[in-house]
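Working notes, structure below.
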Amino acid sequence: MKSKLFIQLFAFSLLIFLSQSCKKYENGPAISFISAEKRIVGKYELETYKINGIEIKLSEIGLDNFEKEYFEDGKGKNYSRQFNNLIETEFEWELNKDKTQIREREKGLNGEWGQWNSFYTITKLTKTEFWTLNENSAEQHEFHYLKIK
């Protein structure tokens, strides 16, 4: 009886250890049964923006707020409010093969799609939070979004 309990506890401990050591996103979750695409879909508000680890207030870059909305069909919308004016832009999004990075391209004023930007690393992707890290320039840009819908 004791050996059966020991084996069950050992197997459970091993499962916990393995799920922690091979999590896909740096800040979590350790395990999820919902696909990355389904977790991304929704509307988010930019909660925190950092450049090289230093938090930047949206007002410092001329914005009152910034929201992103990801749709299931690989499209999305950015909503930014600047001096009480709402600016809305469309974009397309896609994940890389292992779903650890995301990239987007915006639709220009002429209705043409722009070039794909570089992939951003996804550092957290839960049902309510979506964090990305852009290390493709001299400065490191970090975006923490909180799902609002």
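The shown structure was predicted, so the numbers you read here are calculated from the model rather than taken from an experiment.
- For the pair Lys68 and Phe143, the cation-pi test (distance below 6.0 Å, angle within 45°) is failed.
- Under the 4.5 Å side-chain criterion, counting only non-hydrogen atoms from C-beta, Ile56 is in contact with Ile61.
- With hydrogens and angles left out, the side-chain atoms of His141 and Tyr49 include a donor and acceptor closer than 3.5 Å.
- Scanning all heavy atoms of the two residues, the minimum distance from Phe66 to Ser80 falls at CD1-CB, 3.7 Å.
- Using a 4.5 Å heavy-atom threshold, the side chains of Ile102 and Trp93 count as touching.
- Between Asn136 and Phe119, the shortest heavy-atom contact is ND2-O, 2.9 Å.
- A salt bridge does not link Lys147 with Glu129: none of the charged nitrogens is closer than 4.0 Å to a carboxylate oxygen.
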(request) Would you please test Glu94 and Arg103 for side-chain contact (heavy atoms from CB on, under 4.5 Å) and show each step? (result) CA-CA 6 Å; Glu94 67 180 12; Arg103 69 179 182 170; 2.5 Å; yes
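- Nearest heavy-atom pair, Ala36 versus Leu95, reported as atom, atom and distance to 0.1 Å: CB-CD1, 4.0 Å.
- Between Phe71 and Val41, the closest side-chain pair of non-hydrogen atoms is not below 4.5 Å.
- Nearest heavy atoms, Arg105 versus Trp113: O-CZ3, 3.5 Å.
- For the pair Tyr70 and Tyr44, the minimum side-chain heavy-atom distance is below 4.5 Å.
- Under the 4.5 Å side-chain criterion, counting only non-hydrogen atoms from C-beta, Glu67 is in contact with Ile148.
- When hydrophobic clusters are built by joining Ile, Leu, Val, Met, Phe, Trp and Tyr residues whose side-chain heavy atoms come closer than 4.5 Å, directly or via intermediates, Ile122 is grouped together with Tyr120.
- Glu69 and Asn78 are not linked by any side-chain donor-acceptor pair at a separation below 3.5 angstrom, with hydrogens and angles left out of the test.
- When all heavy atoms of Asp64 and Leu58 are compared, the pair lying nearest together is O-CD1, 4.4 Å.
- A donor-acceptor pair under 3.5 Å is absent between the side-chain atoms of Asn52 and the main chain of Glu139, judged by distance alone.
- The minimum heavy-atom distance between Arg39 and Leu125, with the atom names listed, is NH1-O, 2.6 Å.
- For the atom pair NZ (Lys43) and NZ (Lys149), the distance works out to 5.0 Å, reported to the nearest 0.5 Å.
- More than 12 heavy atoms of other shown residues, nucleotides or ligands fall within 6.0 angstrom of atom CD in Glu88.
- In the displayed structure, Lys75 atom NZ is contacted under 6.0 Å by more than 12 heavy atoms of other residues, nucleotides or ligands.
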